[in-house]
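Chain letters run A, B, ... following the sequence lines, proteins first and then strands; every chain starts at 1. Values below: every heavy atom of this structure, side chains too, minus hydrogens, waters and symmetry copies.
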Amino acid sequence: MPTPLAYEEIKECFRRWQEADPAPKSELNYVNPYTLVVAVALSAQATDAGVNKATRALFEEVQTPQAMLELGEAGLIEHIKTIGLFRNKAKNVIALSRILVEEHDGEVPASRAALVALPGVGRKTANVVLNVAFGFPAQAVDTHIFRVSNRTGLAMGKDVLAVERAIEDRVPVQYQQHAHHWLILHGRYICVARKPRCPDCLIRDICTFEEKIL
DNA sequence: ATCCCGAGGG
DNA sequence: CCCTCTGGAT
């Protein structure tokens with residue numbers, strides 16, 4: 001089992017990620033805060049490539065909660081039925097769109113409490129929206145970040161909330177704004193779940209995971 | 001702890 | 001075949 005990295009090691013990891021990719025961004029397709037909320041809600045237990053394939057056509061037609069209500073649940077399902085969990089997701093997107101229209105003047109609220117109150121929006125989705133749409137240094141811990149944080153020893157924790165707090169406590173402040181995307185991209189392309197691509201890893205001399213799996 | 005649930009990869 | 005993918009609600 002990996003051991004926690006020292007502060008200077010953590011700092012060095014992010015220095016390298018920043019040097020390699022100074023302005024990392026989401027790979028999800030969206031055109032405004034509302035479509036970002038929808039895209040992230042659809043991305044649960046699904047690949048962003050699969051979500052983008054479906055939302056390409058959807059977001060040409062629908063860019064506001066009002067337009068989503070006009071499309072309706074059945075119409076939405078036609079667009080997203082290639083994505084896993086599509087029935088729950090369609091129901092939630094319609095319900096949250098109605099709340100945005102009725103209680104938030106059709107706008108996406110910039111507070112975690114208001115976001116989490118939306119159906120299908122949990123802490124992770126709310127933190128993504130706060131980070132990507134509103135520029136807050138929020139740490140959304142998804143499947144990639146949970147795995148990467150624990151494997152590398154960057155920010156260890158038994159559950160996602162513990163990892164979120166560990167990231168906030170241990171990642172230097174100047175890296176917190178982009179930490180979400182550096183970690184997720186590292187998990188998606190290098191530190192993958194099955195066979196991590198350690199030979200291609202920027203931090204392999206700091207991480208202790210590789211020697212364990214041999 | 002369990003359910004939801006399609007696509008893509010190995 | 002099995003596992004994984006930017007989880008959330010019950």
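For the OP1/OP2 pair of dG8(C) and a distance below 4.0 Å, the side-chain nitrogens and oxygens of Arg123(A) include no atom meeting the criterion. Between Lys53(A) and dG8(B), a side-chain N or O to OP1/OP2 separation shorter than 4.0 Å is present. When the side-chain nitrogen and oxygen atoms of Arg147(A) are compared with OP1 and OP2 of dC5(C), one or more of them lie within a distance under 4.0 Å. A sub-4.0 Å separation between OP1 or OP2 of dG8(C) and a side-chain N or O of Thr125(A) is present. A close approach under 4.0 Å does not occur between any side-chain nitrogen or oxygen of Arg188(A) and OP1 or OP2 of dC5(C). Not one side-chain nitrogen or oxygen of His180(A) sits closer than 4.0 Å to the OP1 or OP2 atom of dT6(C). In this model, the phosphate group of dA7(B) is not approached by any side-chain N or O of Thr47(A) to a distance below 4.0 Å at OP1 or OP2.
The same atom, P, is picked in dC5(B) and in dT10(C); the two are 15 Å apart, to the nearest Å. Using P as the reference atom, dC4(B) and dT6(C) are 22 Å apart when rounded to the nearest Å.
Residue Leu42(A) is out of contact with every strand shown, counting any heavy-atom pair closer than 4.0 Å. When heavy atoms are screened at a 4.0 angstrom cut-off, Ile184(A) is found touching base atoms of the nucleic acid. Counting non-hydrogen atoms under 4.0 angstrom, Val128(A) reaches a base of the nucleic acid. Residue Ala46(A) is in base contact, counting any heavy-atom pair closer than 4.0 Å across all strands shown. Using a 4.0 Å heavy-atom criterion, one finds that Gly50(A) contacts no nucleic acid atom at all. Ile145(A) comes within contact range of no nucleotide atom at all, as no heavy-atom separation falls under 4.0 Å. Across all strands, Val141(A) comes closer than 4.0 Å to no nucleic acid atom at all (heavy-atom distances). At the heavy-atom level, Lys89(A) lies nowhere under 4.0 Å from the strands shown.
Straight-line distance from the NZ atom of Lys81(A) to the C1' atom of dC4(B): 18 Å, rounded to whole Å. Atoms NE2 (His144(A)) and C1' (dG7(C)) sit 13 Å apart, rounded to a whole Å. Residue Ile83(A) contributes atom CD1, which lies 12 Å from atom P of dG8(B) at whole-angstrom precision. Regarding Phe146(A), its CZ atom lies at a distance of 12 Å from the P atom of dC5(C), rounded to whole Å. The distance from atom CG of Asp48(A) to atom C1' of dG6(B) is 15 Å, rounded to the nearest whole Å. Rounded to whole Å, the distance from CG on Leu161(A) to P on dG8(C) is 12 Å. Between the CG atom of Leu115(A) and the P atom of dG7(C) there is a distance of 17 Å, given to the nearest Å. We find that CD1 of Ile80(A) is positioned 14 Å from C1' of dG7(C), with the value rounded to whole Å.
Listed by chain and number, the residues in a ring pair (Phe, Tyr, Trp, His ring centres under 6.0 Å) with His180(A) amount to none (sequence neighbours excluded).
In terms of heavy atoms, Glu61(A) sits closest to Leu71(A) at OE2-CD1, 3.5 Å.
Within a 6.0 Å sphere centred on CZ of Arg16(A), other residues, nucleotides and ligands contribute more than 12 heavy atoms. When the shell of 6.0 Å around CD of Gln177(A) is examined, it contains more than 12 heavy atoms from other residues, nucleotides or ligands. Heavy atoms from other residues, nucleotides or ligands lying under 6.0 Å from CG of Asp169(A) number more than 12.
Here the nucleotide nearest the side chain of Thr82(A), chosen from dG8(C), dG6(B), dC5(C), is dG6(B).
Comparing Lys195(A) and Gln45(A), the nucleotide of DNA chain B nearest to each residue sits closer to the 5' end for Gln45(A). Across the interface with DNA chain C, nearest-nucleotide mapping of Pro119(A) and Arg194(A) shows Arg194(A) to be the residue nearer the 5′ end.
Using modelled atom types and a 3.5 Å distance limit, the side chains of Asn127(A) and Arg112(A) yield a donor-acceptor pair.
In this structure, Met156(A) CE and Asn150(A) CG are separated by 5.0 Å, a value rounded to the nearest 0.5 Å.
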